[in-house]
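A note on names: the letters A, B, ... follow the listed sequences, proteins ahead of strands, and every chain is numbered from 1.
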2 protein chains.
Amino acid sequence: MKKLKEASTEEKIKEAARRVFTEKGYSGTRTRDIAQEAGINLALLNYYFRSKQKLFEEVMLEKVIKLFGLLSPVFYNSDSNLEEKFEEIANLYIDMLLENPTLPTFVLSELAKGHFAIEIPLKEMITNSVLADQIKKQNPDIDPIQFLFSLLGLVVFPFIGKPAFRQFGLTTETDFTKLMQARRRLIPVWATAILHS
Amino acid sequence: MKKLKEASTEEKIKEAARRVFTEKGYSGTRTRDIAQEAGINLALLNYYFRSKQKLFEEVMLEKVIKLFGLLSPVFYNSDSNLEEKFEEIANLYIDMLLENPTLPTFVLSELAKGHFAIEIPLKEMITNSVLADQIKKQNPDIDPIQFLFSLLGLVVFPFIGKPAFRQFGLTTETDFTKLMQARRRLIPVWATAILHS
DNA sequence: GTCTATATTCCGATAGAC
DNA sequence: GTCTATCGGAATATAGAC
């Protein structure tokens with residue numbers, strides 16, 4: 001019978017690493033910060049994970065999957081129509097991003113810096129999807145990638161822009177949450193309108 | 001008569017700093033990289049700018065203005081209607097971002113990390129703008145900030161998502177440029193559709 | 001103004017005791 | 001497995017000659 005109330009040392013380190021890396025990025029993170037946040041000693045970090053880089057890669061892989069893994073089940077759902085798929089995506093993402101507001105900036109910024117390289121060929125996964133078929137049937141002229149930029153932009157961009165908007169006095173934390181809750185119902189409507197124009 | 005072909009040392013450092021900071025972020029940048037990129041010695045950097053932080057702040061201020069300064073002239077243009085304003089914004093941003101594709105990720109990521117704090121109260125600048133009036137007249141129910149998230153998301157997000165999309169094999173450099181050129185004409189249509197729905 | 005050399009702090013990683 | 005102590009290198013910043 002495993003103890004439930006206390007995580008293993010390895011997991012404590014990883015959980016601390018998730019927080020610190022996401023907040024400060026790879027270069028801004030010091031392994032000492034992670035150790036302190038985990039309540040353990042610096043040496044243990046290198047005992048469990050060989051290096052800062054290795055630990056980062058484990059965390060980063062999780063985060064990439066967390067950010068983009070939501071898509072494929074929806075893309076391949078053959079029981080829902082287009083507008084229902086937009087609802088699913090809006091709801092799944094807004095739920096997850098309200099819990100993890102700094103995730104997109106972290107992942108996209110680190111991918112841009114090349115600190116992490118994975119080769120996941122999604123091109124065919126997307127072009128063969130049910131969603132791609134439904135889009136093509138609805139509007140054969142639009143490029144699916146063009147549309148995907150728009151859909152994801154509508155969902156994800158507010159979370160990326162929020163720190164700037166806050167500094168400029170354009171929104172507060174509670175206002176932002178309300179805006180995102182309202183956005184759930186707006187995004188499917190907007191995405192449909194975009195697709196038909 | 002000033003020489004035109006050779007920039008001053010101070011400007012050479014600053015120009016190098018713009019490149020390196022934008023590429024690697026504040027924490028990932030070493031002052032040695034900037035010095036080497038500028039073709040000068042490390043000591044000169046501290047001679048002209050007191051510290052890495054000071055130099056960063058000067059660069060960052062420029063970049064924030066470059067990213068958000070495009071908006072106010074359009075917001076206060078009383079000679080254009082809504083759809084024309086959307087056209088202006090799409091064209092200005094896409095021109096600028098094709099020249100500076102890494103600018104948004106850099107600025108928004110560094111603002112999120114709190115490496116830079118400016119207090120620019122834009123709240124009133126926006127709510128008092130001609131654009132805000134025109135939006136309210138067109139659709140009194142939509143929150144202007146909600147709409148601004150959408151408009152900027154449509155324009156800016158592709159540039160933030162591009163590195164990920166490239167790694168996933170969803171786009172190439174030349175494909176991306178074509179998509180963005182097509183996007184100029186699409187965004188005004190989409191923004192209008194969003195506003196009316 | 002510009003350089004070389006160096007002071008000083010910081011950080012990732014390891015040695016070695018328990 | 002976990003800790004303390006420390007090594008070795010890297011990074012910012014400055015001293016001082018020219």
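Contact between B/Phe159 and B/Pro104 at its shortest, heavy atoms only, is CB-CG, 4.5 Å.
Nucleic acid contact class of B/Tyr47 (heavy atoms, under 4.0 Å, all strands): base. Using a 4.0 Å heavy-atom criterion, one finds that A/Thr29 contacts the sugar-phosphate atoms exclusively.
At distances below 3.5 Å, not a single donor-acceptor pair connects side-chain atoms of A/Asp175 with backbone N or O atoms of A/Thr171. Formation of a donor-acceptor pair under 3.5 Å by the B/Glu62 side chain with backbone atoms of B/Val59 is not found in this model.
Atom CZ in A/Phe49 sits about 12 Å away from atom P in D/dT2, given to the nearest Å. Straight-line distance from the OH atom of A/Tyr48 to the C1' atom of D/dC3: 13 Å, rounded to whole Å. Put simply, NZ on A/Lys52 is 16 Å from P on C/dC10, counting in whole angstrom units. As a whole-Å value, the separation of A/Ile34 CD1 from C/dC10 C1' is 16 Å. Atom-to-atom, NZ of A/Lys12 to C1' of D/dT2 comes out at 11 Å; the value is rounded to the nearest Å. At whole-Å resolution of the value, CG in A/Leu45 and C1' in D/dG1 are 14 Å apart. The distance from atom CG of B/Asn46 to atom C1' of D/dT14 is 8 Å, rounded to the nearest whole Å. Between the CD atom of A/Glu10 and the P atom of D/dT2 there is a distance of 10 Å, rounded to whole Å.
Taking the six-membered ring where tryptophan is involved, the planes of A/Tyr26 and A/His115 are tilted, since the angle between them lies from 30° to 60°.
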Sub-3.5 Å pairs of nitrogen or oxygen atoms, protein against nucleotides 4-7 of chain C:
{"residue": "C/dT4", "atom": "OP2", "partner": "B/Asn41", "partner atom": "ND2", "Å": "2.9"}

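When the side-chain nitrogen and oxygen atoms of B/Thr9 are compared with OP1 and OP2 of C/dT2, one or more of them lie within a distance under 4.0 Å. For the OP1/OP2 pair of C/dC11 and a distance below 4.0 Å, the side-chain nitrogens and oxygens of A/Thr31 include no atom meeting the criterion.
In this structure, A/Phe21 has its ring center at least 6.0 angstrom away from the ring center of A/Phe106. Ring centers of A/Phe86 and A/Phe147: under 6.0 Å apart, within the cut-off. If you look at A/Phe157 and B/Phe157, their ring centroids are not closer than 6.0 Å.
Using modelled atom types and a 3.5 Å distance limit, the side chains of B/Gln134 and B/Gln138 yield no donor-acceptor pair. No donor-acceptor contact under 3.5 angstrom links the side chains of A/Thr102 and A/Glu23, judged on distance only.
Set against C/dT2, D/dA13, D/dC3, the side chain of A/Leu44 has D/dC3 as its closest nucleotide. Of the candidate nucleotides C/dA13, D/dA13, C/dC10, C/dC10 has the atom nearest to the side chain of A/Arg30.
Taking a cutoff of 4.0 Å between a charged side-chain nitrogen and a carboxylate oxygen, A/Glu87 and A/Arg185 do not qualify as a salt bridge.
Sequence order on DNA chain C of the closest nucleotides to B/Ile40 and A/Ser51 puts B/Ile40 first from the 5' end.
Using five terminal pairs a side, the axes of the helix from C/dG1-D/dC18 to C/dC18-D/dG1 at its two ends make an angle of 10°, given in steps of 10 degrees.
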